[in-house]
Amino acid sequence: MKIVVLDGYTLNPGDLVWAGLEKLGQVTVYDRTPKDKIVERVGDATIIYTNKTPLTKELFDQMPHVKFVGVLATGYNVVDTDAAKAKGIVVTNIPTYGTTAVAQFTFALLLEMCHHVWAHHEEVKKGAWTNCPDFCFWNYPLIELADKTMGIIGFGRIGQSVAKIAQALGLKVLAYDNYPNKELENESLKIVDLDTLLANSDVISLHCPLFESTKGIINKNSIAKMKDKVMIINTSRGPLIVEEDLAEALNAEKIGYAAVDVVSTEPIKLDNPLLSAKNCIITPHIAWAPKESRDRLMNIGVDNLVKYLSGNPVNVVNK
Ligand code: NAD
């Protein structure tokens, strides 16, 4: 059985091993694969893995041997799952590996917006504290989170994990999900509609997947419904935000801060309006990537194939 990994580098830049897959078949791992090399590299392999290499209907038409696509990520919007289904190809994802890492990173971004730890450290290194007439100084407004309200859009695994950390910091939580589950409510956590969340949150964090229904969910109209100076965090998928609208609102100081780990086109393009927007922190899609998290991802990716081969596929996203 031939197994091709189309873009293995970000999962395993050298600190993990592919041994689990190698036990199952003849494995070829490419660090990355350009679009025009996909068909040639897949050849007569029946099993392929992708992380961010897009697999379209046109490509599936040219890869008749493929039976199983393992997406090495939670978000599987890179694969045309309907086209795969029509051809009887099973597509799996990795639903849980990154929950704790992404939730933790959400707060790395939020706490950076509240305290600007690195910028203050740099000022100290440059001598600004040494030359300061007072015992302390700060260059940005410092923000305390207790008793503020965090709105969480998409209340699945990551959203719920974020809510727990938020509550530990004393934040109240408003959560919106298109499958609202009132049983998740407690004293400081309420399930609400989107407009209520937008109107009452001091921080808004995105944790819904990228679907047609969620694309551009943060846009001129939704921003107009938000509190002034709101902070926005996106660790989910870039196209959830209309970046031109966010940049405009940041520059107009309607939105206080934004911190995004994902953007509409990755790697980021030089003309992305967020690069020059005021008060915008951008990180290069790293929320998922601590080694502990990638290790889990690798093991679940292998297990998805083991279960598929045993006739009991799990984590199938195109049933
Ligand atoms: P999940 O499936 O457990 O939760 C997603 C939630 O969003 C579900 O409860 C679903 O009902 C809800 N949802 C779907 N459509 C919606 C809509 N129109 N409006 C509101 N809610 C809607 O997924 P998860 O594990 O919590 O992951 C969430 C997303 O995080 C993934 O889809 C992925 O895009 C992203 N992610 C990013 C990274 C990163 O490194 N930055 C890593 C892992 C996951």
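Numbering of ligands and ligand atoms starts at 1, following listing order.
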Against heavy atoms of [X], which atoms of ligand 1 measure under 4.0 Å?
{"X": "Pro95", "answer": "25 (O)"}
{"X": "Val102", "answer": "38 (C), 42 (C), 43 (C)"}
{"X": "His285", "answer": "39 (C), 40 (O), 41 (N)"}
{"X": "His207", "answer": "5 (C), 28 (C)"}
{"X": "Phe155", "answer": "9 (O)"}
{"X": "Asp261", "answer": "41 (N)"}
{"X": "Cys208", "answer": "7 (O), 21 (N), 22 (C)"}
{"X": "Tyr179", "answer": "11 (O)"}

Nearest protein heavy-atom contact for [atom]: which residue, which atom, what distance?
{"atom": "atom 12 (C) of ligand 1", "result": "Asp177 OD2, 3.1 Å"}
{"atom": "atom 27 (O) of ligand 1", "result": "Ile158 CD1, 3.4 Å"}
{"atom": "atom 14 (C) of ligand 1", "result": "Asn178 OD1, 3.4 Å"}
{"atom": "atom 2 (O) of ligand 1", "result": "Arg157 NH1, 3.7 Å"}
{"atom": "atom 4 (O) of ligand 1", "result": "Gly156 CA, 3.2 Å"}
{"atom": "atom 19 (N) of ligand 1", "result": "Tyr176 CE2, 3.5 Å"}

- [ ] To the nearest 0.5 Å, tell me how far Ile94 CD1 sits from Asn51 CG.
- [x] 9.5 Å
Open item on the list: Please report the interatomic distance OG1(Thr56) to CG(Asp61), rounded to the nearest 0.5 Å.
Closed with: 8.0 Å
Task: ligand 1 to Thr99 polar contact by distance, N or O atoms, under 3.5 Å - done: no
Open item on the list: Geometry only, no angles: is Thr74 polar-contacting ligand 1 at N/O separations under 3.5 Å?
Closed with: no
Open item on the list: I want to check something: taking the side chain as every heavy atom from C-beta on, are Met298 and Leu72 in contact at a cut-off of under 4.5 Å?
Closed with: no
Task: Any donor-acceptor N or O pair under 3.5 Å, side chains Thr99, Arg157 - done: no
Task: Proximity winner for atom 38 (C) of ligand 1, if only heavy atoms of Ile153, Thr214, Thr235 are counted - done: Thr235
TODO: For atom 5 (C) of ligand 1, state which one of Pro209, Ala73, Gly98 supplies the nearest heavy atom.
DONE: Pro209
- [ ] Measure from the side-chain N and O atoms of Asp245 to the backbone N and O of Lys220, and report whether any donor-acceptor pair falls under 3.5 Å.
- [x] yes
Task: Members sharing Val124's hydrophobic cluster (side chains within less than 4.5 Å) - done: Trp129, Phe137
TODO: Linking directly or through intermediates, with side-chain heavy atoms under 4.5 Å: list the remaining ILVMFWY members grouped with Leu55, chain and number order.
DONE: Val4, Leu6, Tyr30, Ile38, Val39, Val42, Ile48, Leu59, Phe60, Met63, Val66, Val69, Val71, Tyr76, Val78, Val79, Ile89, Val91, Phe211, Val317
Task: Aromatic contact, Tyr140 with His115 (centres under 6.0 Å) - done: no
- [ ] Would you check if the distance from the ring center of Tyr257 to the ring center of His116 is below 6.0 Å?
- [x] yes
TODO: Anything under 30° is parallel, anything over 60° is perpendicular, the rest tilted; go ahead and classify Trp288 against Tyr97.
DONE: perpendicular
Open item on the list: Quick check on Lys37: does its NZ atom have over 12 non-hydrogen neighbours (other residues, nucleotides or ligands) under 6.0 Å away?
Closed with: no
- [ ] Test side-chain contact (heavy atoms from CB on, under 4.5 Å) on Ile204 and Ile233 and set out the steps.
- [x] CA-CA 6 Å; Ile204 294 178; Ile233 303 168; over 6 Å; no
Open item on the list: Tell me whether Ser236 reaches ligand 1 (any heavy atom closer than 4.0 angstrom to a ligand atom).
Closed with: yes
